[in-house]
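Remarks on the structure that follows.
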Number of protein chains: 2
Amino acid sequence: MNAVSTDTRQRILESARDLIYASSYAEVGVAAICERASVKKGSFYHFFPSKQELTLAVIDEFLVEFKERMFAQAFSPDIAPLDRFRKLLEIGYGFQVEMAAVLGHIPGCPFGNLAAELSTQDDGIRSKVDQVFALMERQFAATLHEAIGRGDVPPEVDADATARAMLAFLEGVLLMAKTRNDARVMLELGPAVADLRILKSSALST
Amino acid sequence: MNAVSTDTRQRILESARDLIYASSYAEVGVAAICERASVKKGSFYHFFPSKQELTLAVIDEFLVEFKERMFAQAFSPDIAPLDRFRKLLEIGYGFQVEMAAVLGHIPGCPFGNLAAELSTQDDGIRSKVDQVFALMERQFAATLHEAIGRGDVPPEVDADATARAMLAFLEGVLLMAKTRNDARVMLELGPAVADLRILKSSALST
DNA sequence: TTACAAGTAGACCGGTCGGTCTAGTTGGGG
DNA sequence: CCCCAACTAGACCGACCGGTCTACTTGTAA
């Protein structure tokens with residue numbers, strides 16, 4: 001086999017990531033991705049069977065970057081558990097401000113954006129984003145358990161549900177910031193994420 | 001002038017509302033809207049100068065229905081202020097379940113969907129949705145003030161910020177339900193909306 | 001040195017997009 | 001009864017969509 005010599009595939013991936021994040025899935029055509037990556041369609045369809053398959057790979061690409069830029073720094077053992085959520089928000093705020101300076105608008109959450117746009121149309125993408133969310137929830141829940149262990153959070157708190165609620169809240173805050181086109185919403189509302197609590201054994205009917 | 005005899009415009013509006021809510025703005029073409037409304041393109045462009053202008057009108061259409069189906073019933077004086085938020089969620093849950101039975105998937109929030117998809121592409125739609133959110137926030141804030149007046153919520157709570165946080169949380173919960181394609185997320189997380197609080201004079205830098 | 005697979009180039013495809021335009025068809029006021 | 005504006009019909013437009021296909025170049029292993 002040939003060595004994985006060229007970076008063509010990666011250039012396509014990164015172009016797609018940037019373009020889709022800056023606008024939306026539907027707005028970005030395969031031709032635009034190719035042009036930005038300086039690649040011809042022949043190469044594109046050599047590496048990816050379809051735009052939707054590419055998008056699945058783009059989600060992984062987003063996740064890698066997210067883990068590096070956000071998770072790795074916020075969820076550090078040096079920081080008190082509950083402060084890690086605040087730290088995550090702080091980093092996210094800086095990132096949105098940075099993006100807004102380049103793009104002219106707040107892009108919001110790449111995962112949330114794709115979920116909102118495509119969940120009703122493409123079940124593959126929907127469930128991929130769902131898995132990403134589940135991964136984040138696990139990280140949040142582990143952090144909450146740590147906080148419970150230290151006594152920062154009472155033990156009757158349902159860590160899993162609270163983790164989900166925190167993620168939902170952050171997604172909502174990001175969406176509000178995007179809709180207002182003002183990142184400061186994140187500073188105003190965000191800190192409340194660390195105060196969210198859902199108690200165990202709330203009845204769940206059906 | 002001729003009387004406003006025909007319902008053509010309204011049929012277009014309702015077809016567009018249903019189709020866009022069921023999938024997305026980009027996925028629904030003008031031709032599809034016309035077909036569903038049993039209208040030809042000539043009529044469409046007689047009533048609406050462009051797809052984007054139609055969408056602005058569709059947002060108003062969503063808002064009318066939302067006020068009728070959700071706000072009017074949840075924000076009743078018969079219900080204790082904080083319970084109104086829980087009631088809103090309950091109604092919303094029923095609605096999402098109902099839609100899911102018809103469509104095969106959870107559609108989420110019509111406003112949030114449009115904001116997520118189009119905020120970065122169309123500033124007119126972005127700011128229109130922003131206004132809708134502002135209207136909801138006002139309703140939430142008024143309810144919170146009522147709760148403060150009754151002593152259900154301590155007076156050092158920032159009603160405006162808390163109202164915004166509540167809206168963000170609800171949007172996030174809807175997005176999670178859509179991404180999971182499971183409305184029960186709303187039952188698990190939703191009740192926490194009534195416990196959200198943001199205190200006054202949290203420093204807001206810059 | 002040859003042979004073959006990996007990768008690239010780019011013309012091409014049918015279909016659909018939002019939108020335009022001209023030619024009617026109504027229906028109510030004068 | 002006529003006229004004119006509101007409305008409808010539907011053919012048509014260029015641009016672009018995701019995707020295909022054939023021909024070519026290249027790197028490397030035998």
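Every chain is numbered from 1 and lettered A, B, ... according to where its sequence line falls, protein lines coming before strand lines. The shown structure was predicted, so the numbers you read here are calculated from the model rather than taken from an experiment.
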Q. Out of B:F75, B:F71, B:Y21, which residue meets the ring-ring contact (aromatic ring centres under 6.0 Å, His included) rule with B:F66?
A. B:F71

Q: May I ask you to check whether over 12 heavy atoms, not counting those of B:K51, lie within 6.0 Å of atom NZ?
A: yes

Grab the N/O contacts between the protein and nucleotides 22-24 of chain C below 3.5 Å, and write none if there aren't any.
none

Q) Can you tell me how far P of C:dC17 sits from CD of B:Q121, to the nearest Å? A) 16 Å

Q | Closest non-hydrogen atom pair, B:A116 against A:K178 | A | O-NZ, 2.6 Å

Q: For DNA chain D, find the residues of residues 8-18 of chain B with a heavy-atom distance under 4.0 Å and give them by number; none if there aren't any.
A: B:T8

Q. Which heavy atom of B:G108 sits nearest a heavy atom of B:N113, and at what distance?
A. C-ND2, 4.3 Å

Q.
To check you understand the geometry: which heavy-atom pair defines the closest contact between A:L13 and A:E61, and what is its length?
A. CD2-OE1, 3.9 Å

Q. Rounding to a whole Å, what distance do you find between B:D7:CG and D:dA6:P?
A. 19 Å

Q) Rounded to whole angstroms, how far apart are CD on B:E53 and C1' on C:dG18? A) 14 Å

Q) Residues two or more places apart in sequence or in another chain: which of them pass side chain to side chain donor-acceptor pair (under 3.5 Å) with B:R9? A) none

Q: Would you please name every residue forming a side chain to side chain donor-acceptor pair (under 3.5 Å) with B:E14, sequence neighbours left out?
A: B:Q10

Q) What are the two closest non-hydrogen atoms of A:L174 and A:C109, and how far apart are they? A) CG-N, 4.0 Å

Q: Could you tell me which residues satisfy side chain to side chain donor-acceptor pair (under 3.5 Å) with B:R84, sequence neighbours excluded, listed by chain and number?
A: B:E146

(Q) Short of 4.0 Å, heavy atom to strand atom, which residues of residues 31-52 of chain A count as contacting DNA chain D? (A) A:K41, A:Y45, A:S50, A:K51

Q) Of the non-hydrogen atoms in A:V39 and A:F44, which two are nearest, and what is the gap between them? A) CG1-N, 4.0 Å

(Q) What is the distance, to the nearest angstrom, from the CG atom on B:D122 to the P atom on C:dG18? (A) 14 Å

